[in-house]
Amino acid sequence: MSTLLTQDNNGVRRITVNRPDKLNALNSEVIADIDAAFAEVAKDDSVRAVVLTGSGEKAFVAGADIAQMSALSPSDAYQFALRGQRAFDRIENCGKPVVAAINGFALGGGCELALACHVRFASRNAKIGAPEVTLGLIQGFGGSQRLPRIVGTGVALEWILSGDMMDAAEAHRIGLVNRIFEPAQVVDEATAFAAKLAGRAPVALKLALECVIGGMGLSLAEGQLLEASHFGLAFATEDMKEGTKAFVEKRKAVYKGK
Ligand code: COA
């Protein structure tokens with residue numbers, strides 16, 4: 001894939017958006033490549049966790065490609081938003097944990113991309129925000145829905161309506177990023193965390209992701225029913241038998257994802 005770099009190591013796939021000269025801005029090609037890359041992640045049993053980051057020193061992703069967007073008709077823009085939403089839904093629903101390593105600017109579509117990941121680590125110099133309204137636009141890749149779910153409606157509206165950029169400390173304070181690291185460390189720390197997750201039982205990770213993500217749109221009673229069904233499903237896995245047996249035998253469990 002021309003716009004993404006991919007590197008596999010011990011069950012962790014690192015995917016890097018690679019348009020550093022444009023601060024990794026998301027044009028149609030990048031969106032299509034992300035869609036295909038995460039369809040592949042979902043299918044490939046050798047991938048147990050993913051790190052998503054941006055190329056270069058300055059940016060995770062500085063937004064959707066403004067030059068490309070400026071020429072879109074309303075119906076093209078609608079389709080562009082749907083394609084972006086589909087690609088980002090694929091990240092959220094790929095069934096493997098995805099850790100964003102936010103190594104600089106994460107603006108507009110870049111912020112939305114990070115929001116579609118399951119865990120977010122940021123570099124101390126990261127700048128995060130939703131500047132769409134400063135361009136006469138609104139969010140189009142799921143950000144108006146995911147940001148309030150993560151940080152709450154009032155806080156989300158402060159940032160969506162102002163279009164201001166927040167620093168990493170503020171993003172951490174409001175719960176938008178999980179952890180902050182020095183710029184030189186953020187990708188390695190995200191990779192180490194992903195490697196730890198890659199050692200967990202893969203089917204259990206998938207079931208846990210489905211419960212949390214699928215439960216967001218459900219009532220408490222429906223969500224708990226989903227949890228109970230998935231809890232039952234976990235007992236159908238070889239990994240559950242291995243995990244509990246290894247505990248009793250005081251050894252490290254070896255999971256096969258079955
Ligand atoms: N879309 C298209 N191109 C972008 C881009 C975007 N979202 N963000 C940056 N670029 C391009 C710039 O046009 C420039 O290209 P050029 O060298 O061919 O002129 C290159 O990336 C470097 O960006 P530059 O603006 O020179 O870097 P900077 O350090 O001065 O500023 C930012 C960094 C992030 C503050 C600035 O690039 C910016 O405001 N980008 C847009 C952010 C945004 O509004 N995103 C939301 C879009 S909905």
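In this chain, numbering begins with 1 at the start of the sequence shown. Ligands are counted one by one from 1 in listed order, and the atoms in each one are counted from 1 as well. Keep in mind that the numbers below use all heavy atoms, side chains included, and drop hydrogens, waters and symmetry copies.
The nearest protein heavy atom to atom 21 (O) of ligand 1 is closer than 4.0 Å. For atom 1 (N) of ligand 1, a protein heavy-atom neighbour is present inside the 4.0 Å cut-off. In this structure, atom 8 (N) of ligand 1 has protein heavy atoms in its sub-4.0 angstrom surroundings. Distance screen at 4.0 Å: atom 25 (O) of ligand 1 has no protein heavy-atom neighbour inside the cut-off. In this structure, atom 36 (C) of ligand 1 has no protein heavy-atom contact shorter than 4.0 Å. Closer than 4.0 Å to atom 29 (O) of ligand 1 lies at least one heavy atom of the protein.
Between S123 and N103, the side chains place no donor N or O within less than 3.5 Å of an acceptor N or O (distance only, hydrogens not considered). Inspection of the T191 and R14 side chains reveals an N or O donor paired with an N or O acceptor under 3.5 Å.
Taking the six-membered ring for Trp and the full ring otherwise, F60 and F105 have centroids separated by 6.0 Å or more. The six-membered or imidazole ring of F141 lies near that of F80, with a centre-to-centre distance under 6.0 Å.
In this view, D65 and R19 satisfy the salt bridge (charged side-chain N to carboxylate O under 4.0 Å, His left out) rule, not counting sequence neighbours.
Summary of contacts: the protein heavy atom closest to atom 39 (O) of ligand 1 is L107 CD1, 4.9 Å. Looking only at heavy atoms of the protein, atom 14 (C) of ligand 1 is closest to D21 O, 4.3 Å.
Rounding to the nearest 0.5 angstrom, the gap separating the CG atom in L4 from the OG1 atom in T16 is 8.5 Å.
We find that K245 and E238 are not joined by a salt bridge, their nearest charged nitrogen and carboxylate oxygen being 4.0 Å or further apart.
Across G143, A62, A25, heavy-atom proximity to atom 40 (N) of ligand 1 is greatest for A62. Scanning Q68, K127, K58, K22 for the heavy atom closest to atom 18 (O) of ligand 1 points to K22. In the candidate list P20, A64, S70, G110, A64 is nearest to atom 6 (C) of ligand 1, counting heavy atoms.
Legend: side chain to side chain donor-acceptor pair (under 3.5 Å) pairs involving residues 91-101, not counting sequence neighbours, sorted by first then second residue: E92-R146.
Every atom of ligand 1 with a heavy atom of L135 under 4.0 Å away is listed here by number and element: 44 (O), 47 (C), 48 (S).
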